[in-house]
Amino acid sequence: MNAADVTAGARTPHVALVDVRSMYVSCERVIDPSLVGRPVVVLSNNDGCVIARSGEAKLLGVSMGQPWFQVQRDPRFGGVVARSSNYELYGDMASRLVASVSSLAADVEVYSIDELFVSLPPRAAAAVGGAGPMVVAICERVARWTGLPTAAGVGATKTLAKVAQREAKQRRLNLMDLSTWSRDRVDALLAVTPVVEVWGIGSRLARRLNAAGIRSALDLARADPMMLRRTGSVVLERTGRELAGTPCIPLGGEPAARRQVMHTRMMGEPVTEPEQMRQVLTVYAQRAVARLREAGLVAGALSVTMSTSPHRPDARHHTWSTGLAPATDQPLEVIRAAHRALPLMEAGRPYNRAGILLTDLVPAGSQPALPLDLFGLETTPGTGSATGTASTTGPERSGPGVGAALDAVTARFGTGALAHGVAGLRGEPVWAMRREQLSAPATTQWDQLLTART
DNA sequence: TCTGGGGTCCTAGGACCC
DNA sequence: TCTGGGGTCCTAGGACCC
């Protein structure tokens with residue numbers, strides 16, 4: 001290590017990762033400052049498991065994914081406050097976050113609802129003090145404009161920026177900037193970073209890597225790239241190279257077009273009868289199509305999954321796919337196609353999860369003109385051998401107005417107000433998630449509790 | 001009361017073709 | 001009668017992320 005290394009390092013472009021601390025909790029605190037300083041958790045959509053925790057809640061020992069009823073019962077967690085997830089709020093705060101960062105940086109990639117990568121020009125990295133001051137300015141602006149607290153990391157690659165950001169959070173710093181560090185110092189940090197903490201290394205890969213003697217991020221950085229490709233895939237190879245300092249994952253600009261829309265849920269009670277499953281698929285298909293329509297897309301293919309609990313010794317998992325020709329956003333057509341998966345179900349077994357997956361998405365109205373559907377034969381391309389084609393061109397085709405009408409009624413009277421006949425939603429079906437019986441996030445018990453106290 | 005839900009990317013392997 | 005190789009396209013499934 002010598003002075004030349006530092007200079008060379010400082011001249012290369014760097015990347016910053018800006019991450020909101022406990023995003024969902026921080027959003028809740030923005031609209032309700034009385035939550036600041038208290039242990040707060042945000043609960044999942046369905047059954048009340050914890051999906052976000054404030055630092056105080058983490059210190060108390062509340063775990064990610066822990067069922068809310070356990071937290072409620074445990075005397076250690078007496079002071080914990082819960083909020084139902086309010087995705088509308090988080091989405092709105094996320095767009096303010098993007099606006100704040102983009103006001104100071106030209107090249108920004110929105111990686112997730114609470115994380116952004118920012119490309120730092122070489123001149124920023126070469127400035128006195130490295131890229132730090134620019135990133136600090138970004139974080140301060142985020143705090144001022146949105147009220148959201150952030151932690152940032154700077155590195156020569158995205159993966160190194162992730163390592164730096166993780167270290168910043170651990171040390172309770174706002175910023176960890178590796179752009180001014182020597183390679184030896186970076187290596188020392190990697191040496192104390194377990195490989196499972198590296199971005200892109202999950203528990204499965206970590207186990208395989210550990211077995212191969214790769215335990216730290218430094219081991220991974222120094223591993224032979226070809227060996228990594230054989231052990232995992234090109235993804236793992238890229239991760240290793242990125243840790244070694246070679247950028248392999250470019251900063252993405254515009255978000256990629258949506259490729260799929262899914263609606264997957266566990267049922268509150270397992271269903272054993274095909275007629276119940278028919279209701280489940282009807283409702284799930286309806287919700288998936290509603291999201292498809294919101295996005296202005298039509299789907300050219302549909303997959304249906306139905307499973308029993310994977311922990312059962314005789315677990316069952318069925319997947320069924322079909323083409324939708326022409327691509328459609330019409331609920332009745334998708335529902336009808338989804339019902340064709342029903343024969344796969346083994347009546348009597350307790351199914352507790354089902355899903356609707358819409359793929360081959362294209363913007364509505366952009367479909368190329370269809371070839372003539374000669375004789376109504378089911379010969380549409382894109383149809384797998386084991387699957388069928390749900391023809392949407394026959395006399396059964398529902399008018400385009402049905403979807404729009406359903407959207408309007410649902411918007412006005414809520415989900416479930418109107419359903420495809422077979423759903424028979426008079427009253428809650430036994431399989432409905434408990435959480436889905438709540439009318440709106442703003443009227444959950446917890447919000448009401450707090451309002452009463454003020 | 002027992003691991004949520006919505007995504008992406010990659011690979012293996014089969015079908016099919018020349 | 002025996003013997004191949006190399007493409008492409010598609011799907012299922014694995015692994016990861018937040």
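Because only heavy atoms are used, hydrogens play no part in the values below, and waters and symmetry mates are left out as well, while side chains stay in. Throughout, a chain's letter reflects where its sequence line sits, starting with A, and its residues are numbered from 1.
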Subject >> Same-atom distance (P) from B:dC16 to C:dG4, integer angstrom >> reply: 22 Å
Original post:
Taking the P atom of each, how far is C:dC18 from B:dC2, in whole Å?
Top reply: 28 Å
Original post:
Which letter, B, S or -, goes with each nucleotide of nucleotides 6-12 of chain B from 5' to 3', with contact meaning a protein heavy atom under 4.0 Å?
Top reply: SBBSSS-
**OP:** Measure from CZ on A:R208 to P on C:dG14 and round the result to the nearest Å.
**Re:** 12 Å
**OP:** Would you sketch DNA chain C in dot-bracket for me? Only Watson-Crick or G-U wobble pairs with both distances under 3.5 Å count, crossing pairs as [ ], other-strand pairs as |, the rest as dots.
**Re:** ....||||||||||||||
Original post:
Hey, is A:E346 close enough to A:R349 for a salt bridge, meaning N to O under 4.0 Å?
Top reply: yes
**OP:** Not counting sequence neighbours, list each pair that qualifies as a salt bridge (Lys or Arg N to Asp or Glu O under 4.0 Å) and has a residue in residues 154-170 of chain A.
**Re:** A:E109-A:K158, A:E115-A:K162, A:R166-A:E197, A:E167-A:R171
N/O to N/O distances under 3.5 Å, protein versus nucleotides 16-18 of chain C:
residue: C:dC16; atom: OP1; partner: A:G202; partner atom: N; Å: 3.0
residue: C:dC16; atom: OP1; partner: A:G202; partner atom: O; Å: 3.2
residue: C:dC16; atom: OP1; partner: A:L205; partner atom: N; Å: 2.6
residue: C:dC16; atom: OP2; partner: A:R204; partner atom: N; Å: 3.4
residue: C:dC16; atom: O5'; partner: A:G202; partner atom: N; Å: 3.4
residue: C:dC16; atom: O3'; partner: A:G200; partner atom: O; Å: 3.4
residue: C:dC17; atom: OP1; partner: A:G200; partner atom: N; Å: 2.6
residue: C:dC17; atom: OP1; partner: A:I201; partner atom: N; Å: 3.2
residue: C:dC18; atom: OP1; partner: A:K162; partner atom: NZ; Å: 2.5
residue: C:dC18; atom: O3'; partner: A:S112; partner atom: OG; Å: 3.0
residue: C:dC18; atom: O3'; partner: A:D114; partner atom: OD1; Å: 3.0

Original post:
Among A:L97, A:V20, A:L148, which residue meets the side-chain contact (heavy atoms from CB on, under 4.5 Å) test with A:C27?
Top reply: A:L148
Original post:
Going by the angle between their ring planes, with limits at 30° and 60°, are A:F117 and A:Y111 parallel, tilted or perpendicular?
Top reply: perpendicular
Original post:
Distance-only, no hydrogens or angles: does the A:S22 side chain make a donor-acceptor pair with backbone N or O of A:R53 under 3.5 Å?
Top reply: yes
Subject >> Cationic N near anionic O, under 4.0 Å, A:R222 to A:D187 >> reply: yes
Original post:
Hey, are A:E56 and A:R38 close enough for a salt bridge, meaning a charged N less than 4.0 Å from a carboxylate O?
Top reply: no
Subject >> A:S233: side chain to side chain contact (heavy atoms under 4.5 Å, CB included) partners, not counting sequence neighbours >> reply: A:V235
Subject >> Salt bridge A:R83-A:D32, side-chain N to carboxylate O under 4.0 Å >> reply: yes
Original post:
Residues two or more places apart in sequence or in another chain: which of them pass side chain to side chain contact (heavy atoms under 4.5 Å, CB included) with A:L60?
Top reply: A:P39, A:F77, A:V80
